[in-house]
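Residue numbers start from 1 in every chain, and the chains themselves are labelled A, B, ... in the order their sequence lines are given, proteins ahead of strands. Just so it is clear, the model here is predicted, and its values are computed rather than measured.
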Protein chains: 2
Amino acid sequence: MAATLERESPAADVHLGELRDSLGFLMRLGQLRVFEDYFEALGPYGMRPGEFSVLVVIGHNPGIRQGVLAARLMIKRAHITKVIRGLEDQGLVTRRIPDEDRRVVELTLSRKGQAFVAERAEALHAFDFSVPAGMTCKERDQLVHLLQKLLGLSKGDT
Amino acid sequence: MAATLERESPAADVHLGELRDSLGFLMRLGQLRVFEDYFEALGPYGMRPGEFSVLVVIGHNPGIRQGVLAARLMIKRAHITKVIRGLEDQGLVTRRIPDEDRRVVELTLSRKGQAFVAERAEALHAFDFSVPAGMTCKERDQLVHLLQKLLGLSKGDT
DNA sequence: TATTGTTATACTCTATAACTATA
DNA sequence: TATAGTTATAGAGTATAACAATA
């Protein structure tokens with residue numbers, strides 16, 4: 001009963017047909033499922049997945065250019081602008097326009113941003129090491145590994 | 001160059017830190033990646049993933065109740081109402097309120113809806129059997145299998 | 001009272017294109 | 001001319017709560 005947020009109907013025996021083997025369909029539903037668990041575990045900490053991943057990546061790449069960040073996170077340029085401004089307004093992120101190329105924006109975590117991430121790192125870590133219902137720990141690791149391959153992260157850098 | 005829709009920056013060597021092993025993060029990016037391929041392959045056919053999966057499931061479950069459909073597809077009741085009305089306006093779906101329980105709505109594909117799905121089934125099938133760049137066919141199947149486990153579809157019905 | 005679906009509202013995310021300033 | 005970022009606008013998707021009809 002903790003599986004779905006809104007399980008007012010028994011969706012048990014529904015025939016999915018070809019969707020049952022569709023990677024796109026399974027990825028979509030799988031993401032919803034995992035995010036459900038994510039919000040259950042981390043919602044109280046006031047972190048939304050998208051924004052938090054932006055903070056983590058900036059934290060690991062001080063001075064990263066906004067466009068590079070957007071490309072890596074598959075966020076559109078027009079959208080990342082809004083996200084970054086939001087984080088800047090909260091005092092979590094610092095923008096800097098370097099003299100070498102005054103078109104680009106370099107991003108860094110502020111003291112407050114570093115603290116914000118640090119405070120939530122443990123909860124995120126705990127969640128990431130939890131095992132989804134119905135899977136073994138080994139299967140979870142295998143899933144993570146295959147997703148890394150799908151995304152071309154297998155032997156790339158951390 | 002076919003990988004990302006908007007690759008205006010070399011997002012190559014970005015450090016992801018703990019995100020690299022985060023199931024939620026990987027599922028989110030993975031879904032975006034797969035949907036990118038999906039739109040590239042099936043966009044011309046005028047199918048959006050969400051709506052199309054609704055049609056396929058109704059096709060495989062004639063007379064399915066709206067609430068059951070929503071629960072299975074993890075769509076909120078308030079949202080499925082709009083989706084179904086849109087499909088009804090296009091003449092693809094038929095709604096029926098049975099006399100046994102006049103609260104519920106039973107959904108069926110119209111002739112036109114059946115044709116719509118049939119016309120696109122082959123393209124979908126071809127896409128679902130394609131292998132994402134960087135993966136072997138075996139790895140793709142393994143990924144599908146693990147996602148089915150994550151979603152509790154392993155031994156359930158079709 | 002509980003259930004099913006609907007309506008209304010607001011917010012997030014995405015998509016697109018036009019714009020600026022810099023190179 | 002090309003690039004990096006911004007702005008504006010529209011649309012899709014989602015979340016929430018209040019509501020009507022029916023059970």
Whole-Å gap separating C1' (D:dA4) and CZ (A:Arg96)
16 Å

Contact state string [nucleotides 18-23 of chain D, B base, S sugar-phosphate only, - no protein heavy atom under 4.0 Å]
----BS

A:Arg33 versus B:Met27: any side-chain heavy-atom pair under 4.5 Å?
no

Report yes or no: do B:Phe129 and A:Leu23 belong to one cluster of Ile/Leu/Val/Met/Phe/Trp/Tyr joined by side chain heavy-atom distances under 4.5 Å?
no

May I ask you to test the B:His145-B:Gln142 pair for a side-chain heavy-atom distance under 4.5 Å?
no

Nearest whole angstrom, please: distance from the P of C:dC13 to the CG of A:Leu73.
12 Å

Closest of C:dT7, D:dT14, C:dT16 to the B:Ala78 side chain is C:dT7

Here the gap from A:Thr94 atom OG1 to A:Lys112 atom NZ, rounded to the nearest 0.5 Å, amounts to 11.5 Å

More 5' along DNA chain D: A:Phe39 or A:Arg95, using each one's nearest nucleotide?
A:Arg95

What is the distance, rounded to the nearest whole Å, between atom CD of B:Glu106 and atom P of C:dT4?
13 Å

Quick check for you: among C:dT16, C:dC13, D:dT16, whose closest atom lies nearest to any side-chain atom of B:Lys76?
D:dT16

Euclidean distance, atom CG of residue A:Leu69 to atom P of D:dA4 [Å, nearest integer]:
14 Å

Please report, rounded to the nearest Å, how far the P atom of C:dC13 is from the CZ atom of B:Phe35.
17 Å

A:Ala126 meets the side chain to side chain contact (heavy atoms under 4.5 Å, CB included) criterion, sequence neighbours left out, with none

For B:Leu19, which residues count as a side chain to side chain contact (heavy atoms under 4.5 Å, CB included) partner, sequence neighbours excluded?
A:Ser53, A:Val56, A:Val57, A:Leu124, B:Leu16, B:Phe25

Please report, rounded to the nearest Å, how far the P atom of D:dT14 is from the CE atom of B:Met74.
11 Å

Atom CZ of B:Arg48 to atom P of C:dA15: distance rounded to whole Å?
12 Å

Atom-to-atom span, NE2 of B:His79 to C1' of C:dA10 - whole angstrom:
14 Å

Please work out which residues in residues 80-91 of chain A have a non-hydrogen atom less than 4.0 Å from an atom of DNA chain D and list them by number.
A:Thr81, A:Lys82, A:Arg85

By side-chain hydrogen bond (donor to acceptor under 3.5 Å, both in side chains), which residues pair with A:Arg85, not counting sequence neighbours?
none

Listed by chain and number, what are the side chain to side chain contact (heavy atoms under 4.5 Å, CB included) partners of A:Glu119, not counting sequence neighbours?
A:Ala115

Evaluate the ring planes of B:Phe52 and B:Phe116, with Trp represented by its six-membered ring, and classify them as parallel (under 30°), tilted (30 to 60°) or perpendicular (over 60°).
tilted

